[in-house]
Amino acid sequence: MTASRSSPLRTRSSPTPGGDTAGGYVAHMSVEGTDRSAAALKAALLDEIAGTGLFTSAAAGDEQPPADDDVVDQVVDAAYRGSVAHNERMLASATGAAADRVDADGNGWLFFLPFLPFDGASVVRALDILDCIHLATGIRPGSTVNALDADVIDLVVSFPFDRATQAEAAHSALDLAHTWFGEAGLRPYRLDAGHARSVTGGAAAEAALQRALRTAVDPLGVMAAGRYA
C-alpha cells in the first residue's frame with residue numbers, strides 16, 4: 001500500500017486585475033493523498049485555478065520552492081510537508097533574536113486569535129478593525145487567514161513591536177483588538193494571561209456560561225488554574 005503524503009500548492013493574486021502582486025495575497029494549500037492521487041489532484045487544482053483568471057500565479061511547491069528570502073513561505077511550505085525546519089528562522093525574523101535569546105534581546109510579539117465565520121464580509125470586517133487599530137496605536141498588525149473547514153476561519157493576528165519604544169502602544173493595540181472584535185461578535189478562542197477574565201461587548205452571560213462549562217468539565221480547577229475561570 002502506498003503511504004499518504006502532503007504536498008503544497010501556492011497561489012498569488014493582486015488587489016487589482018493585472019496589477020503587481022506587491023500588497024496582494026498569497027494562499028497556501030495542502031494536497032493530501034497517495035503519491036498518485038496527490039499528483040492527480042494537484043494537476044486538477046492547477047488547471048481549475050488557471051481557468052478562473054483570478055490569480056496572477058499558481059505553482060506546486062515541488063516544482064517551485066519558496067524564495068530564499070521569503071521566510072514565511074518557507075515555514076508554511078515545510079509545515080505542509082510535516083517539517084518544522086524553518087520555524088526558528090521565522091521567530092528570529094520577527095523578534096530579531098534566536099529562541100534562546102529572545103527574552104533578553106528580542107523585540108516583542110503579541111498575538112490575538114479569533115475565530116471568524118467563513119465568509120467574505122467577516123474577513124473584510126476583521127481587516128477593517130485591524131486597520132483602525134493601526135491608525136489608533138501606530139502598531140501595524142499582521143494577519144494570517146487559516147481556513148479550518150468550510151465554516152470557520154482561524155485568524156492569527158500578530159503585533160510585532162520594539163520593546164524599548166513601543167511596548168505601551170502594542171499592549172494598547174491588543175486591548176483594542178479584544179474590545180473591537182468582541183463588539184463585532186468575533187471572539188478569540190485562546191486568551192493571553194492579561195485578558196483571561198476580560199468580557200467585551202456586553203457578554204456577561206457568555207462569560208457565565210464559560211464558567212459553568214469549566215466547572216462541569218474541571219470541578220477541581222486542575223487544568224490551567226487561574227485562566228478561563
Side-chain angles (χ1 to χ4, degrees), residues 11 13 15 23-30 71-73 75-76 79-80 87 90-91 93-95 107-161 163 166-218 223-229:
T11 65
S13 64
Y25 308 93
V26 178
H28 294 87
M29 293 176 284
S30 178
V71 176
V72 173
D73 206 356
V75 168
V76 176
Y80 279 155
N87 287 26
M90 186 170 183
L91 176 67
S93 175
T95 66
N107 288 323
W109 206 13
L110 299 174
F111 285 88
F112 178 70
L113 305 166
F115 278 143
L116 308 182
F118 199 153
D119 60 69
S122 296
V123 174
V124 170
R125 175 66 177 134
L127 296 181
D128 284 345
I129 293 172
L130 296 183
D131 284 341
C132 291
I133 291 173
H134 177 220
L135 289 173
T137 65
I139 300 295
R140 183 180 294 279
S143 62
T144 301
V145 176
N146 296 312
L148 299 186
D149 56 32
D151 300 308
V152 178
I153 286 171
D154 162 21
L155 184 69
V156 177
V157 178
S158 60
F159 299 98
F161 64 96
R163 289 200 299 184
Q166 296 180 305
E168 184 176 352
H171 283 276
S172 294
L174 182 60
D175 290 342
L176 288 176
H178 279 272
T179 299
W180 289 346
F181 274 83
E183 290 173 351
L186 304 173
R187 308 292 184 190
Y189 62 87
R190 185 180 298 174
L191 299 172
D192 60 278
H195 297 88
R197 291 181 175 83
S198 66
V199 177
T200 59
E206 179 182 317
L209 175 60
Q210 291 174 345
R211 286 192 292 270
L213 290 172
R214 167 65 184 256
T215 300
V217 173
D218 182 26
M223 297 183 293
R227 296 186 67 189
Y228 306 100

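Note that this is a predicted model, so its numbers are computed, not measured.
- Side-chain contact between Leu113 and Val157 is absent, with no heavy atoms from C-beta onward closer than 4.5 Å.
- Taken to the nearest 0.5 Å, the CZ atom of Arg163 stands 9.0 Å off from the OG1 atom of Thr95.
- With sequence neighbours left out, Phe112 forms a ring pair (Phe, Tyr, Trp, His ring centres under 6.0 Å) with His178, Phe181.
- To the nearest 0.5 Å, atom OG1 of residue Thr144 and atom CG of residue Leu155 are 8.0 Å apart.
- Taking CG of Leu174 as the start and CZ of Phe159 as the end, the distance is 6.0 Å to the nearest 0.5 Å.
- Below 30°, between 30° and 60°, or above 60°: for Phe115 and Tyr189 the angle between ring planes is below 30°, a parallel geometry.
- Ile153 has its side chain out of reach of Leu148: every pair of non-hydrogen atoms, C-beta onward, lies at least 4.5 Å apart.
- Side-chain contact between Thr11 and His28 is absent, with no heavy atoms from C-beta onward closer than 4.5 Å.
- In this structure, Pro114 and Asp154 have side chains that are not in contact, with every pair of non-hydrogen atoms separated by 4.5 Å or more.
- In this structure, Phe161 and Asn107 have side chains that are not in contact, with every pair of non-hydrogen atoms separated by 4.5 Å or more.
- For the pair Ser143/Leu127, a side-chain contact is recorded, criterion being any heavy-atom separation below 4.5 Å from C-beta on.
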Derivation of the side chain to side chain contact (heavy atoms under 4.5 Å, CB included) call for Leu116 and Arg125:
CA-CA 10 Å; Leu116 308 182; Arg125 175 66 177 134; over 6 Å; no
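- By the salt bridge (Lys or Arg N to Asp or Glu O under 4.0 Å) test, Asp175 is found to be paired with no residue, residues two or more places apart in sequence or in another chain being considered.
- Among all heavy-atom pairs drawn from Asp149 and Asp151, the shortest one is OD1-N, 2.8 Å.
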Using residues 135-142 as the side-chain source, report each donor-acceptor pair under 3.5 Å to any protein atom, sequence neighbours left out, with the distance given to one decimal.
from, atom 1, to, atom 2, distance (Å)
Thr137, OG1, Ile133, O, 2.8
Thr137, OG1, Ile139, N, 3.2

